[in-house]
Amino acid sequence: MPDAVNDKLAAADHAEDVRHIDQRVTTIGQNFALEAPLLAVLPVDEFDIALTTTPRVDRYARITVRQALCSVPARLIGQPARAKLDAEEVVVLHGSNEVARHPRLTTKGGQHFVLDQYLEVLAGKPGALRGSTARSRHDRRAGSPPPIVLGCRPRQTRRPGGNQGADRGPCYCTGGWFMRT
């Protein structure tokens, strides 16, 4: 099968080489023979086809790449970052260091956040992610909390009008992380 396709392409190529354009005296093949020595050699190294943008990191440690939001480490808030967008993923660079990597989102307004990139916030703001949507998403996707949470001990809480001790409340641990059990 591949030989038949190659034979068809070779026949089409030969037909093009002997064809004349409009009223010109020379053929396409003769013109190519004149121009071939002037063509540059193809580069050996790979050509990066990714679209490079320089978005600024917003106050929520996110960047916008083609109307999609991606998280970056919180230490970059207010600084420009370089985002390389290719067919399958977004790579975020700060200087020459890779700081984040996300799958490419194709929907307008799509969001992809990595909870671990917000750990730096917890040092200055204990409990910053308490009850957050990002925290619950992380637990559902990963099936378990990040390692920092594993040492937590839940505490019993009482709700007015509820069963005493029936509702297990949040677990407060290092840096304000919590886990519902």
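Starting from 1, each residue takes its place in the sequence as its number.
In this structure the side chain of Phe32 never reaches within 4.5 angstrom of the side chain of Thr26, judged on heavy atoms. For the pair Pro103 and Glu89, the minimum side-chain heavy-atom distance is 4.5 Å or more.
The minimum heavy-atom distance linking Ile77 with Val57 is given by the pair CA-CG1, 3.8 Å. Taking all atoms of both residues into account, the shortest heavy-atom contact from Ala50 to Asp86 is CB-CB, 4.0 Å. Heavy-atom minimum distance, His20 versus Val25: CE1-O, 3.1 Å. The two residues Thr64 and Pro55 come nearest to each other via the heavy atoms O-CB, 3.8 Å. The minimum heavy-atom distance between Ala33 and Pro37, with the atom names listed, is O-CD, 3.4 Å. The minimum heavy-atom distance linking Ala61 with Ala74 is given by the pair CB-CA, 3.8 Å.
Other residues sharing the hydrophobic cluster of Ile28, ordered by chain and number and joined by side-chain separations under 4.5 Å: Ile21. Leu105 belongs to no hydrophobic cluster, as no Ile, Leu, Val, Met, Phe, Trp or Tyr side chain comes under 4.5 Å of its own.
Atom CD of Gln67 sits about 10.0 Å away from atom OG1 of Thr107, to the nearest 0.5 Å. Note that CG of Asn6 is 12.0 Å distant from NZ of Lys8, once rounded to the nearest 0.5 Å. Here the SG atom belonging to Cys70 is positioned 12.5 Å from the CZ atom belonging to Arg101, to the nearest 0.5 angstrom.
Grouping the Ile, Leu, Val, Met, Phe, Trp and Tyr side chains by contacts below 4.5 angstrom, directly or via other members, places Leu76 with Val65. In the hydrophobic clustering of this structure, Ile63 groups with Leu51; members are Ile, Leu, Val, Met, Phe, Trp, Tyr whose side-chain heavy atoms approach within less than 4.5 Å, directly or through other members. Hydrophobic clustering of Ile, Leu, Val, Met, Phe, Trp and Tyr side chains at less than 4.5 Å, counting indirect connections, unites Val99 with Val90.
Partner of His112 under the side-chain contact (heavy atoms from CB on, under 4.5 Å) criterion, chosen from Arg104, His102, Arg62: His102.
Heavy atoms from other residues, nucleotides or ligands lying under 6.0 Å from CZ of Arg19 number more than 12. Heavy atoms of other residues, nucleotides or ligands lying less than 6.0 angstrom from CG of Leu9 number more than 12.
Sorted by first and then second residue, the side chain to side chain donor-acceptor pair (under 3.5 Å) pairs involving residues 68-85 (not counting sequence neighbours) are Asp48-Lys84, Ser71-Gln117, Arg75-Glu120, Gln79-His94.
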